[in-house]
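Right, one structure below, let's go through it.
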Amino acid sequence: MSVRVRIAPSPTGNLHMGTARTAVFNWLFARRHGGRFLVRIEDTDRERSQPAFTDSILTGLRWLGLDWDEEPVFQSRRSRDHQEAIAALLANGRAYRCYATEAELNAMREARQAAHQAPRYDNRHRNLSPERIAAFHKEGRHAVVRFRIDDTQDILWQDMVRGPMRWQGADLGGDMVIARRAPADRIGDPLYNLAVVVDDIAMGITHVIRGEDHIANTAKQLLLYNALGAPPPCFAHTPLILNKEGRKLSKRDGVTSIADFQALGYTAAAVSNYMCLLGWSPPVELGERFGLADAAPVFGFDRVNKAGGRFDWDKLNWLNSQALHAMDGATLRNALLPRWQQAGLDTSQPLAWQEQLAALLGPSLVVLQDGVEQARPFLGPPELDDASRAQLQIEACQAALHYILQHRPRTFNAAAAKELLTAAARAAGVRKGVVMKGVRAALLGCLHGPDLLLSWDLLHGVGEDDPRLRAVLR
RNA sequence: GCCCCCAUCGUCUAGAGGCCUAGGACACCUCCCUUUCACGGAGGCGGCAGGGGUUCGAAUCCCCUUGGGGGUACCA
């Protein structure tokens, strides 16, 4: 039987880190076993679902390189299947209509809480007499559909991450609602657990890989598989991604959507690499910097951790800077260009020149966005910061700059610039460092940055060096 | 509250009873490279939550405690 897995996000927000990591594990598992990776959009919550989020999710997956093998399935379009399944369960007695009112349910919950017990439905309408049902109908009461859960039942499964798992029927909160409230002669909208199982069966899902926050759902879903007469898939419950405080990472934690990371200038390679590292430890031969394609052949749940992992910006930043440093000038320039343009910088220079600039800046970038501020003084007039102004106040510095402008060699290059600096320092009677700082201040407006000689040469290439040096002369 | 899960440096982790004087990576610190910053290179700091067992021997197995997390919907 060939492997079929799926990622099943609900379009109630952008593609989130947690969802993306689950998608990565699913994708890796599918590729490892030559199976298929599918996407199902769980848009049955009409209140909160938005088409724009579906786009965001699909775009995010694509950006990460998680290509899917069949057209995405939209859960909302599968309601007939859901209805039929519910009707079948109703027909064979595994499910029944419950007419309990909200007030009744609340009373139950409060009573249980007062008794220090877990809230649960007491199955009061499980075996209603025909007379009472008739009475409820006459009353015009609406009903939900509940699925019978035998309290004495032990639910067992072999989890690919956690090993043997066991859940007691009694801890599931009573007979579970599988269809929303509706007039008693109809079947309401299907609820999560029912829809998931029906769809996973229809899609032929063989392995369900999801976060550990779904463990209780798995117990319920296993019961549904049984009642629907379908063999259950294998389950893998992966550790959660935790925030700085050690809680489940949520949208409330600031930057958590894949689109955010992309906007900040993280590369897809670094992000997917990092997600692999959070919870999965690659075999030593792989090292810890690798692409999804490298990880796929060796991926397995035997090396997936059980404990949740905290999201660590430092590690992601390191991975991203490594990815950026490894780029050649041409690649980096292409990655930077849209950001330069968006920042309104002049990008009319020759392509080769821009590539040289990118190569010069490369080693100091952590995220692509860093390349905007750092390129700014090269792509437009420099704005002198305080330290630069102070440097240019120094008498000897001014003298050296005068010397430099007067002794410009006919053919300028980095080597010539170096000699010029030495000569200027000697003429002005100061250490070369003082002159270098002054030149840097004049050319770029700040005292720190990439190699001065290369920077100077680059500015010379677009005729920007002399004017800038002159501009700071008193 | 109740149910379930988890527990190695600050963080991510290696470790399947002797290979452990607990290894790696990030972060941090020092030095080198560099008359700047960064990159790069070399070192360093730092951990098996606690207590009981089992065993000749335990980070590894069992129990308890503690701590942390998840779940407890007519959301997904």
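The sequence lines fix the lettering, A, B, ..., with proteins before strands; numbering per chain opens at 1.
Here Pro9(A) lies out of heavy-atom contact (under 4.0 Å) with every strand. Among the heavy atoms of the strands lying under 4.0 Å from Glu42(A) are primed sugar atoms or P, OP1, OP2 only; no base atom is included.
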For Gln374(A) and Ser364(A): C-alpha separation, side-chain torsions, deciding distance, then whether side-chain hydrogen bond (donor to acceptor under 3.5 Å, both in side chains) applies. CA-CA 9 Å; Gln374(A) 293 184 27; Ser364(A) 60; 2.7 Å; yes
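Residues in residues 5-26 of chain A take part in these ring-ring contact (aromatic ring centres under 6.0 Å, His included) pairs, two or more places apart or across chains: Phe25(A)-Phe299(A). Sorted by first and then second residue, the ring-ring contact (aromatic ring centres under 6.0 Å, His included) pairs involving residues 415-457 of chain A (not counting sequence neighbours) are Phe412(A)-Trp456(A). The stretch residues 116-126 of chain A participates, sequence neighbours left out, in these salt bridge (Lys or Arg N to Asp or Glu O under 4.0 Å) pairs: Glu104(A)-Arg124(A), Arg120(A)-Asp151(A), Asp122(A)-Arg124(A), Arg126(A)-Asp175(A).
Here the nucleotide nearest the side chain of Arg162(A), chosen from A76(B), C6(B), C37(B), is C6(B). Distances were taken from every side-chain heavy atom of Arg303(A) (C-beta onward) to each of A76(B), C5(B), G15(B); the shortest belongs to G15(B). Closest contact between the side chain of Ala307(A) and the listed nucleotides A76(B), C39(B), C6(B) involves C6(B).
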Can you give one letter per nucleotide of nucleotides 26-33 of chain B, 5' to 3': B if a protein heavy atom sits under 4.0 Å from the base, S if only from the sugar-phosphate, - if neither? SS------
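In terms of phosphate contacts, Ser281(A) brings a side-chain nitrogen or oxygen within less than 4.0 Å of OP1 or OP2 of A14(B). For the OP1/OP2 pair of A76(B) and a distance below 4.0 Å, the side-chain nitrogens and oxygens of Thr44(A) include at least one atom meeting the criterion. For the OP1/OP2 pair of A76(B) and a distance below 4.0 Å, the side-chain nitrogens and oxygens of Arg180(A) include at least one atom meeting the criterion.
Panel note: side chain Ser388(A), backbone Cys446(A); a donor-acceptor pair is recorded below 3.5 Å.
Two residues, Arg146(A) and Gly308(A), neighbour RNA chain B, and the one matched to the more 5' nucleotide by heavy-atom proximity is Gly308(A).
Base pairing of C2(B): its partner is G71(B), meeting the Watson-Crick or G-U wobble criterion (both donor-acceptor distances under 3.5 Å).
By the side chain to side chain contact (heavy atoms under 4.5 Å, CB included) test, Glu288(A) is found to be paired with Leu277(A), Lys315(A), Trp318(A), residues two or more places apart in sequence or in another chain being considered. In this structure, Tyr96(A) has no ring-ring contact (aromatic ring centres under 6.0 Å, His included) partners at least two apart in sequence or on a different chain. The side chain to side chain donor-acceptor pair (under 3.5 Å) search around Asp45(A) returns Arg48(A), not counting sequence neighbours.
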Would you tabulate the pairs of protein nitrogen or oxygen atoms and nucleotide nitrogen or oxygen atoms of nucleotides 68-72 of chain B closer than 3.5 angstrom?
| residue | atom | partner | partner atom | Å |
| --- | --- | --- | --- | --- |
| G69(B) | OP1 | Arg247(A) | NE | 2.5 |
| G70(B) | OP1 | Lys248(A) | N | 2.9 |
| G71(B) | OP1 | Lys248(A) | NZ | 2.8 |

For residues 235-244 of chain A, which side-chain donor-acceptor pairs fall under 3.5 Å, sequence neighbours excluded?
| residue | atom | partner | partner atom | Å |
| --- | --- | --- | --- | --- |
| His237(A) | ND1 | Asp159(A) | OD2 | 2.5 |
| His237(A) | NE2 | Thr218(A) | OG1 | 2.7 |
| Thr238(A) | OG1 | Arg210(A) | O | 3.3 |
| Asn243(A) | OD1 | Glu245(A) | N | 2.8 |
| Asn243(A) | OD1 | Gly246(A) | N | 2.9 |
| Asn243(A) | OD1 | Arg247(A) | N | 2.9 |
| Asn243(A) | ND2 | Asp253(A) | OD1 | 3.1 |
| Asn243(A) | ND2 | Asp253(A) | OD2 | 3.3 |

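When rounded to the nearest whole Å, the span between CD of Gln322(A) and C1' of G41(B) equals 13 Å. In this structure, Leu278(A) places its CG atom 18 Å from P of A25(B), rounding to the nearest Å.
One N or O donor and one acceptor, one from the side chain of Arg48(A) and one from the base of C75(B), sit under 3.5 Å apart.
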